[in-house]
Amino acid sequence: MIIGVPKEIKNNENRVALTPAGAAEFVRKGHQVYVESGAGNGSNFTDAEYAAAGAELTDAASVWNKADMVMKVKEPLSSEYKYFRDGLILFTYLHLAAEPELTKALVDSGVIAIAYETITVNGALPLLTPMSEVAGRMAAQIGAQLLEKNKGGKGILLSGVPGVSRGKVTIIGGGIVGTNAAKIAVGLGADVTIIDLSVNRLRELDDIFGSSIHTLVSTPANIAEAVASSDLLICAVLIPGAKAPRLVTEDMVKNMSPGSVIVDVAIDQGGIVETIDHITTHDDPTYVKHGVVHYAVANMPGAVPRTSTLALTNATLPYALKLADLGALQAIKLDKAILTGLNVFKGQVTYEAVAKDLGYLFVSAEEALRTAVTN
Ligand SMILES: NC(=O)C1=CN([C@@H]2O[C@H](COP(=O)(O)OP(=O)(O)OC[C@H]3O[C@@H](n4cnc5c(N)ncnc54)[C@H](O)[C@@H]3O)[C@@H](O)[C@H]2O)C=CC1
Ligand SMILES: CC(=O)C(=O)O
Ligand SMILES: [Mg+2]
């Protein structure tokens with residue numbers, strides 16, 4: 001199979017979908033790899049390293065047009081839709097519930113779109129996990145900085161100092177992002193509360209963190225009370241594949257004190273805060289509404305690309321190799337995890353939450369495959 005790796009073009013997206021070591025693996029197994037010249041630069045991987053691994057360096061159009069499977073990090077942007085074609089395998093983060101135009105372009109073109117973020121193994125999301133670890137850790141770090149006066153914050157140090165109370169951090173969603181945010185926030189000495197819908201998850205968090213955190217079950221009343229007294233709110237809820245639920249209302253944000261900070265990590269699925277009306281970028285990461293600093297960058301790990309590229313490709317490579325070795329149809333048929341990643345297959349939306357949120361007819365992956373084979 002021919003694998004194509006274009007350079008990422010989202011604002012400050014410095015990750016790349018394949019390392020030179022990953023390219024060497026494909027080549028070793030008899031596949032051909034085209035990498036866009038400069039694609040690895042942001043992650044400190046040079047063209048020479050890809051060439052030494054046996055990849056060919058070329059331009060974006062050639063990568064897209066020659067490849068049977070394009071591997072990316074972030075969802076394609078509109079300038080890339082022109083490369084979509086029938087039968088092309090696209091393996092990347094897609095977050096389609098928050099991307100109606102991209103979904104339409106994929107459906108109209110017949111692309112086989114497999115989303116990293118919905119690949120499921122025993123209830124876990126192994127291709128989302130490493131980036132959620134990065135984004136969760138960054139969320140606490142970024143929130144702490146935004147609380148500084150010169151960044152628009154209220155001017156508090158999360159740890160406090162002897163004789164002065166600690167800052168309050170509320171984390172809504174106690175999964176991978178939430179747990180990693182808590183690790184850093186607790187490490188910084190903040191007073192941390194984690195809110196989750198699952199009491200079992202809260203039990204696990206209680207076992208991990210003991211008395212260094214508070215736990216609360218997710219109800220509108222608990223969220224309202226915790227948000228009102230928070231200096232930093234970190235949003236980390238996920239319903240896989242679906243648009244994020246709006247759990248933090250505008251009134252709750254109005255009740256936060258001026259200079260408080262919201263970091264909505266769930267923005268890639270649309271965000272959980274009513275006052276977040278647009279995705280922000282690493283170039284212009286915040287805006288202020290009702291006196292509260294809002295941060296809503298959808299590609300947070302792109303700012304620490306060396307760590308993130310290594311962590312992401314550790315997780316994606318085994319699945320990408322399987323797709324290349326078996327071809328998309330067989331890989332989807334034989335590997336349940338890859339099947340759960342299938343979001344769009346030759347004009348049909350095969351992930352139920354995406355179909356429901358965007359108003360498409362849902363066709364199960366199994367059914368879509370059956371139709372493809374019999375046609
Ligand atoms: N902005 C960025 O750069 C990045 C964003 N993300 C996003 O962060 C979000 C969280 O991801 P993960 O932590 O990996 O997901 P996860 O599945 O590990 O955790 C989600 C948690 O939300 C909880 N939850 C669901 N409904 C809830 C409700 N109504 N109230 C409270 N909790 C609720 C679940 O019980 C679960 O514990 C996802 O949208 C993911 O795509 C991840 C990485 C980077
Ligand atoms: C998960 C995701 O959206 C990211 O890593 O950018
Ligand atoms: Mg997006």
Side-chain angles (χ1 to χ4, degrees), residues 8 10-17 72-75 92-99 115-121 123-139 142 170-183 193-205 208 215-224 226-227 233-248 262-273 276 279-282 285 295-305 307-309 311-313 315-316 353:
E8 295 297 316
K10 200 170 179 130
N11 183 288
N12 273 282
E13 185 48 79
N14 292 299
R15 287 171 287 179
V16 60
K72 276 183 51 61
V73 177
K74 291 308 285 186
E75 73 281 354
T92 188
Y93 285 121
L94 286 168
H95 305 292
L96 291 183
E99 297 281 348
Y116 293 161
E117 75 275 6
T118 64
I119 287 190
T120 309
V121 178
L125 304 168
L127 276 62
L128 182 61
T129 296
M131 295 305 94
S132 290
E133 289 167 341
V134 170
R137 289 171 188 220
M138 286 178 77
I142 287 167
T170 296
I171 299 169
I172 308 182
I176 307 292
V177 168
T179 305
N180 280 277
K183 281 184 181 166
T193 298
I194 307 182
I195 299 179
D196 202 288
L197 206 51
S198 158
V199 180
N200 273 338
R201 182 62 197 150
L202 294 177
R203 280 197 187 98
E204 289 167 0
L205 290 166
I208 296 169
T215 59
L216 277 178
V217 77
S218 181
T219 63
N222 279 344
I223 291 175
V227 167
L233 172 65
I234 295 175
C235 305
V237 165
L238 175 65
I239 300 161
K243 206 155 168 49
R246 290 269 154 138
L247 301 175
V248 179
I262 297 175
V263 176
D264 194 344
V265 185
I267 188 64
D268 55 358
Q269 295 289 147
I272 70 161
V273 181
I276 290 199
I279 292 175
T280 62
T281 63
H282 287 291
Y295 175 100
V297 174
N299 61 330
M300 294 171 68
V304 287
T307 304
S308 300
T309 290
L312 177 63
T313 56
T316 54

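Whatever order the structure lists them in is the order used to number ligands and atoms, beginning at 1. Quick note: numbers below take in every heavy atom, side chains included, and nothing from hydrogens, waters or symmetry partners.
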Can a non-hydrogen atom of Glu13 be found less than 4.0 Å from any atom of ligand 2?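 No, Glu13 has no heavy atom closer than 4.0 Å to ligand 2.
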Does Tyr116 have any ring-ring contact (aromatic ring centres under 6.0 Å, His included) partners at least two apart in sequence or in another chain, and if so, which? Phe91, Tyr93
State the atoms of ligand 2, each with its element, that fall below the 4.0 Å cut-off from a heavy-atom position in [X].
X	result
Met131	5 (O)
Leu128	1 (C)
His95	1 (C), 2 (C), 3 (O)

Return the minimal non-hydrogen interatomic distance between [X] and [Y], and the atom names on each side.
X	Y	result
Cys235	Leu233	SG-CG, 3.9 Å
Ala298	Ile279	CB-CG2, 3.9 Å
Ala244	Gly271	CB-O, 3.5 Å

I need the nearest protein heavy-atom contact for atom 2 (C) of ligand 2: residue, atom name and distance, please. Lys74 NZ, 3.4 Å
Close side-chain approach of Ile223 to Ile195, heavy-atom, < 4.5 Å: yes
Quick one, Ile272 and Asp264 - any side-chain contact, counting heavy atoms below 4.5 Å? yes
Heavy-atom distances under 4.0 Å are what count here, so tell me which part of [X] touches ligand 2: side chain, backbone, both or neither.
X	value
Val134	neither
Arg15	side chain
Glu117	neither
Ala298	backbone

Sequence neighbours left out, cut at 3.5 Å: what donor-acceptor pairs do the side chains of residues 128-139 make with other protein atoms?
from, atom 1, to, atom 2, distance (Å)
Thr129, OG1, Leu125, O, 2.8
Ser132, OG, Leu128, O, 3.4
Arg137, NE, Asn180, OD1, 2.7
Arg137, NH2, Asn180, OD1, 3.0

Run Arg15 and Asn299 through side chain to side chain contact (heavy atoms under 4.5 Å, CB included) and show every step you take. CA-CA 10 Å; Arg15 287 171 287 179; Asn299 61 330; 3.7 Å; yes
Lys72/Glu8 ion pair, N-O < 4.0 Å: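 Yes, this pair counts.
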Distances only, to 0.1 Å: what are the N or O pairs between ligand 1 and the protein that fall under 3.5 Å?
from, atom 1, to, atom 2, distance (Å)
ligand 1, 1 (N), Val265, O, 3.0
ligand 1, 1 (N), Val297, O, 3.1
ligand 1, 3 (O), Ala298, O, 3.2
ligand 1, 3 (O), Met300, N, 2.7
ligand 1, 6 (N), Asp268, OD2, 3.3
ligand 1, 13 (O), Ile176, N, 3.2
ligand 1, 13 (O), Val177, N, 2.8
ligand 1, 14 (O), Ser132, OG, 2.7
ligand 1, 18 (O), Ile176, N, 2.9
ligand 1, 22 (O), Leu238, N, 3.4
ligand 1, 30 (N), Ser218, OG, 2.8
ligand 1, 32 (N), Leu197, N, 3.4
ligand 1, 35 (O), Asp196, OD1, 2.6
ligand 1, 35 (O), Asp196, OD2, 3.4
ligand 1, 37 (O), Gly175, N, 3.4
ligand 1, 37 (O), Asp196, OD2, 2.7
ligand 1, 39 (O), Asp268, OD1, 3.1
ligand 1, 41 (O), Asp268, OD1, 3.1
ligand 1, 41 (O), Asp268, OD2, 2.7

Can you list the residues that meet the salt bridge (Lys or Arg N to Asp or Glu O under 4.0 Å) rule with Glu117, with sequence neighbours excluded? none
